[in-house]
Amino acid sequence: MAASRPLPFTHDLPTLHVKLQGLLQFLRDALSISNAHTVDFYTEAVWEELVDLPPETVLAALRKSAAEADRQLSAPRPLVEAERGSGVTEFPKIFCETSQKLLSAEAFAQAAKYYSVQNLGICTPLEELFLALRGNKKWRTGENMKLIEFMNMKKSHEVQEMSELICSIADYYGIKQVIDLGSGKGYLSSFLSLMYGLKVYGLDSSNTNTRGAKERNRKLKKHWKHYHTQSRADVNGLAFKMAKDRKVQNGVLYEADTEKVCNNSPANQDEIPASDFSPDFSGSVISNIRKQVENLQTEPQGEENLCFENAFSLVDFLPINAIEHTSSQIAYRETCETNKGRRKMKSKSSDCSVYSPLTSLITADSELHDIIHDLEDCLMVGLHTCGDLAANTLRIFTSKSEVKGVCSVGCCYHLLSEEFENQHKECTQEKWGFPMCQYLKEERWCCGRNARMSACLALERVAVGQGLPTESLFYRAVLQDIIKDCYGITKCNRRDFQMSCFLLSEKNIMEYYEKYKPRMNELEAFNMLKVVLAPCIETLILLDRLCYLKEQEDIAWSALVKLFDPVKSPRCYAVIALKKQQ
């Protein structure tokens, strides 16, 4: 094991509890805004129920707050330095004590800003962590840039930053094995293996990568015969050339990034594609309303799998001998042939610098030895692990002695399971995605799906003025009121009224449009309130995970770290923990 160097200071559990207390005090009133469904904005009179201010006042206050935030981006610091240790701050009256309506948009924006991760003072600076892990040692960066040229800017930034941190932690512990949960197309896994010489197991619930392994290997053999003797720089050049060739052959390369798909799915209430908006042209109004009807037909009835697969992966560019493909089932269902294949894989992958993609559904109770037969002291990582997988990553880390460290960046908060969300329903589930820590369990805290969905908006747009697609949301809310008035339907069953909506006269549609057009600014202001509040929901989820880690006895160090540039990658916070060195 590498020589130990002191790790950066982090807040202890009692201090985090105090910060949680202040955050919960604010969210108890504010959550009603996050949980309001914009589809029902007019049918349920949402503005009148939750806001006691003119929309113009709210818009002006939030835009002013956003402008001030932009000016502070060059030198970010906690909002109130003196309050870093207390966590509870007194703000001007935000909500009415009797009606719970919003009374001050200025105080609302101030509180939301204070309780964001960055301003609450709970993050450990990345530079301090690097200094503790590696001292003054420098890492190679020139080679990295060539290898990741074929990724988009967001993915390139994430893979490069996270892989450098993971390698630093591995070097700190003297570890060579890494387990990448929710590895997807293997960008992070392959980068760690090829560039840093780590032995990486990429675990993903989709077997698309495994099914395509033979075809990828066939193409690699064709190219590798010519290029295998060249330097690493030439290999990087080959990778970029192959990426461009495939782009020309197959058209524009589709980057099915999990987080982007989740945030733009038509199943998400606030992410309906925007339409052209021409208020003075009735034909455009009719078209937009009818388009919202058509959207109802394409929207899934229930939850959908939001994690799609690309047609292309960094795995394509690894040497043939550096790739092992295996599909892992539950231990009791594995066949003799699979076990034989695993034993062969173990002998082949005894060397470092091997990336092995495995197909396995990971839960908090997954037994790693049944999936990875040559399991040794390792790190567990996850880049934008979806929903409960982020929580389960931390649980596996705390329960498996072989896992010495964890670095997890979660996403898709709306897919988290909540223990106290549907308490009236019988459920056999024992381990939930939220809450994890004992403090919030004792509070029986529940966010709600719409609030978790709004957390996905956190830092999605740096300026509040960029907001949500108000026009399309407006048309959808108007359509909902038409459905309610004409068909008496409040809880939408799409198939019941879908065809009937097409029978609406253009005159009828225009009447509803003219009725609500003057109130579009209410919807715009309300969406801005949701965007401003979104970082606070994310703060709660991240604090819950950090407090869970602080509760564990065998963990030496745990922290939240802003790993990515939020402009390039909105889900930028990593939960990191290290066990005590033996």
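As the structure is a prediction and not an experimental result, all values here were calculated from the model.
When atom types are taken as modelled, the side chain of Asp544 and the backbone of Met436 share a donor-acceptor pair closer than 3.5 angstrom. A donor-acceptor distance shorter than 3.5 angstrom exists from the side chain of Thr539 to the backbone of Tyr115, with no hydrogens or angles considered. A distance-only check finds no donor-acceptor pair linking the side chain of Ser193 to the backbone of Ser190 [under 3.5 Å]. Between the Asn392 side chain and the Thr363 main chain, no donor and acceptor come within less than 3.5 Å of each other. Looking at Lys550, its side chain does come within 3.5 Å of a backbone N or O of Ser558 through a donor-acceptor pair. Judged purely by atom type and a 3.5 angstrom limit, Glu551 has no side-chain atom pairing as donor or acceptor with the backbone of Cys437. The main-chain N or O of Asn35 is found under 3.5 Å from a side-chain atom of Asn450 such that the two form a donor-acceptor pair. Not one N or O on the side chain of Ser569 forms a donor-acceptor pair closer than 3.5 Å with the backbone of Asp565. Formation of a donor-acceptor pair under 3.5 Å by the Tyr173 side chain with backbone atoms of Lys579 is found in this model. Using a distance-only test at 3.5 Å, with no hydrogens or angles considered, no donor-acceptor pair links the side chain of Glu443 to the main chain of Tyr439.
Results of the side chain to side chain contact (heavy atoms under 4.5 Å, CB included) test with Gln177 over Asp374, Leu198, Val200, Val403 single out Asp374 as the only residue that passes. Partner of Leu203 under the side chain to side chain contact (heavy atoms under 4.5 Å, CB included) criterion, chosen from Leu389, Ile371, Asp180: Ile371.
Here the straight-line distance linking atom NZ of Lys404 with atom CD1 of Ile169 works out to 14.5 Å at 0.5 Å rounding. Rounding to the nearest 0.5 angstrom, the gap separating the SG atom in Cys536 from the CZ atom in Phe26 is 5.0 Å. Going from atom OH of Tyr413 over to atom CZ of Phe434 covers 11.5 Å, rounded to the nearest 0.5 Å. In this structure, Ser189 OG and Leu383 CG are separated by 9.5 Å, a value rounded to the nearest 0.5 Å. Atom OH of Tyr201 and atom CG of Leu375 lie 8.5 Å apart (nearest 0.5 Å). Atom CD1 of residue Ile179 and atom NZ of residue Lys199 lie 10.5 Å apart, to the nearest 0.5 angstrom.
In this structure, Ser399 has no side-chain contact (heavy atoms from CB on, under 4.5 Å) partners at least two apart in sequence or on a different chain.
Shortest non-hydrogen contact noted between Lys154 and Glu158 is NZ-OE2, 2.8 Å. The shortest non-hydrogen separation linking Thr398 to Asp554 is O-OD2, 4.2 Å. Gly405 approaches Leu578 most closely through the heavy-atom pair CA-CD2, 4.0 Å.
Comment: Arg452 engages Glu421 in a salt bridge, judged by a side-chain N to carboxylate O separation of less than 4.0 angstrom. Residues Lys431 and Asp388 are not paired through a salt bridge, judged by the lack of any N-O separation under 4.0 Å between the basic side chain and the carboxylate. The pair Lys441-Glu419 counts as a salt bridge, with a side-chain nitrogen and a carboxylate oxygen less than 4.0 angstrom apart.
Within a 6.0 Å sphere centred on CD of Glu376, other residues, nucleotides and ligands contribute more than 12 heavy atoms.
Classification of the Phe191-Tyr196 ring pair by plane angle, with boundaries at 30° and 60°, yields perpendicular.
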